[in-house]
2 protein chains.
Amino acid sequence: MMSKQSLRELKKEATGHALADAAFELAIDRGLDGFTVDDIVQRAVYSRRTFANHFSCKEEAVATAALTFKSTKEAEDLIGDMSENTPLLDMLYHMMKMQMTADHFWKMRKLVSLSRRNPTLVPYILSALQRLKKSAQQILTELSHGRYSNEHIHLLVGAVYGAIQPLYDGSLDVSLPGESASETSEAISYEQYVDTIFNYLRNGF
Amino acid sequence: MMSKQSLRELKKEATGHALADAAFELAIDRGLDGFTVDDIVQRAVYSRRTFANHFSCKEEAVATAALTFKSTKEAEDLIGDMSENTPLLDMLYHMMKMQMTADHFWKMRKLVSLSRRNPTLVPYILSALQRLKKSAQQILTELSHGRYSNEHIHLLVGAVYGAIQPLYDGSLDVSLPGESASETSEAISYEQYVDTIFNYLRNGF
DNA sequence: CTACAAATTGCCTGTTGTGCAATAATTCTC
DNA sequence: GAGAATTATTGCACAACAGGCAATTTGTAG
């Protein structure tokens, strides 16, 4: 079903994750300007040249660490229990719900706070979000065995990810499950927002 | 209605556009790797330091040149003749239609072709598209005088721009007005695609 | 006209990107 | 399982880049 991973590919991905994680950790406790690529590779024990083989800059590494599935298994977990012929919209809704883990929220929160202080991050956040989108898209394509056209899937997934983007790029303030919704004045509940999105998409605007 | 521009601001924007345009031109006839920041500032007759004051790298300049309104007037032209109490969805549809000029198509086409050869561009394309989105959003917010919540506008505009994104980041092949739709095997008509988007958003998926 | 604010510039230095060639690790073929 | 082919990692070297600082020019305000 899924692409099989050669040992070589697994190792390559592992070094990528190691580098990205190191970058993310450094960013969290020193800020984006508080460290260099050399610091990253020193922490992850790789060469600077290798870092450049995986990422174009530290911003890309940081965003990737926060918004990437670490394994195909992690991506497949989004599927959970879905019957083969669930409608496309329901499948996507299901996957979005499965994505809402405490870990995901925590990383998102950190990422947004970093990007607020340093807008250089934003392009790479959008780019990482796009990779998440493509994962979802690919899963849906496989799962729906030709019931929907490529164009249709692109369109729907694009609309959903476009609508949640403001939560990730910092244009909207989010409140998370643990927090009371009225704590921050203008903050929006992540889960309610997603529900709203799907309500509109289901019934039209 | 719109924010008035001091002479100083106008001049600053002008140098920004001059630099961005120079970068875009160079990218078109030498490719993204075929020139340096020095080449850009030499062509636009500014200092390298000034370039850094406006853009973080040449990719950002290139994407900005292709996907930015050069003046507030150009942005306001999108409004055209719209009555004050047009429904939000209709206003947005109208604006998307107004955006479809030959010039816009041409720039988009060039941008996509550049990003295909050099994926480094992609994050900055997404970022530039986000700026376009924000312009649209701001216009709609002003134009709809509190008839819709901030959240609602964010959501709708996000969905639309998310859905058209594949046309700009190169994940879908586009055919343009001049070309026959069946010329390229898998190519999609830009205008038909947008119409499809709005059909779905109107009536639900 | 004068004082103020902001944009542009040059200079400088630490940081970064990348081609090339060498090495080490994995995969393939027989 | 041994040797050949592929690919990831690394070091080196050098051009390109980012950003702080201070000086200068140019627009703004009173």
Side-chain angles (χ1 to χ4, degrees), chain A residues 3-24 26-27 30-64 114-115 117-124 127, chain B residues 3-23 26-27 30-64 71 114-115 117-124 127:
Chain A
S3 57
K4 46 188 76 172
Q5 306 262 48
S6 70
L7 177 57
R8 191 181 259 157
E9 282 168 336
L10 283 175
K11 280 197 166 184
K12 181 167 187 178
E13 283 184 13
T15 87
H17 292 312
L19 289 166
D21 288 343
F24 193 37
L26 283 167
R30 296 193 203 169
L32 248 198
D33 300 321
F35 66 102
T36 74
V37 174
D38 282 316
D39 295 328
I40 300 173
V41 300
Q42 187 171 356
R43 170 179 284 231
V45 197
Y46 283 98
S47 75
R48 209 168 61 118
R49 196 61 187 76
T50 296
F51 179 88
N53 286 339
H54 286 261
F55 304 103
S56 73
C57 60
K58 54 182 179 182
E59 283 83 4
E60 185 179 17
V62 169
T64 298
L114 283 169
S115 74
R117 293 179 212 290
N118 197 327
T120 326
L121 241 191
V122 174
Y124 295 95
S127 189
Chain B
S3 57
K4 46 188 71 169
Q5 307 263 44
S6 71
L7 178 55
R8 191 182 259 161
E9 284 167 335
L10 283 175
K11 279 198 166 187
K12 183 169 187 178
E13 284 185 12
T15 86
H17 291 312
L19 288 166
D21 288 343
L26 282 166
R30 294 193 206 172
L32 248 198
D33 301 321
F35 66 103
T36 75
V37 173
D38 281 315
D39 294 328
I40 300 173
V41 299
Q42 187 170 359
R43 171 180 285 231
V45 197
Y46 283 99
S47 75
R48 212 175 53 175
R49 193 65 188 74
T50 296
F51 179 87
N53 287 339
H54 286 261
F55 304 101
S56 72
C57 59
K58 55 182 179 180
E59 283 83 5
E60 185 178 18
V62 170
T64 299
S71 61
L114 282 169
S115 73
R117 292 178 214 290
N118 199 325
T120 327
L121 239 191
V122 174
Y124 296 95
S127 189

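Each chain gets a letter, A, B and so on, in the order its sequence line appears, and its residues count up from 1.
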Shortest non-hydrogen separation from B:P123 to A:Y124 and the atoms involved
CG-CE2, 4.0 Å
Nearest atoms (heavy-atom pairs only) where B:G31 meets B:L114:
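Looking at all heavy atoms of both residues, the closest pair is CA-CD2, 4.4 Å.
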Might you list the N or O atoms of the protein lying below 3.5 Å from N or O atoms in nucleotides 13-16 of chain D, with each pair's distance?
none

Could I get a table of every N or O pair under 3.5 Å where one atom is in the protein and the other is in nucleotides 2-4 of chain D?
none

For atom [atom1] of [X] and atom [atom2] of [N], their distance in whole Å:
X: B:Y46; N: D:dT26; atom1: OH; atom2: C1'; answer: 12 Å
X: A:I40; N: D:dT10; atom1: CD1; atom2: P; answer: 14 Å
X: B:N53; N: D:dG20; atom1: CG; atom2: C1'; answer: 11 Å

Going from CG on B:N53 to NZ on B:K12, what distance comes out if it is rounded to the nearest 0.5 angstrom?
7.0 Å
Nucleotide range of DNA chain C contacted by chain B, 5' to 3', under 4.0 Å to a heavy atom?
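Contact boundaries, 5' end first: C:dA5 to C:dC11.
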Close residues, residues 12-24 of chain A, relative to DNA chain D [heavy-atom separation under 4.0 Å]
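Residues of residues 12-24 of chain A that come under 4.0 Å of DNA chain D are, in numerical order, A:K12, A:T15.
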By ring-ring contact (aromatic ring centres under 6.0 Å, His included), which residues pair with B:F55, not counting sequence neighbours?
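Expected list: B:F51.
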Provide the full list of salt bridge (charged side-chain N to carboxylate O under 4.0 Å, His left out) pairs with a residue in residues 35-47 of chain B, sequence neighbours left out, each pair given once.
B:E25-B:R43, B:R30-B:D39, B:D38-B:R48
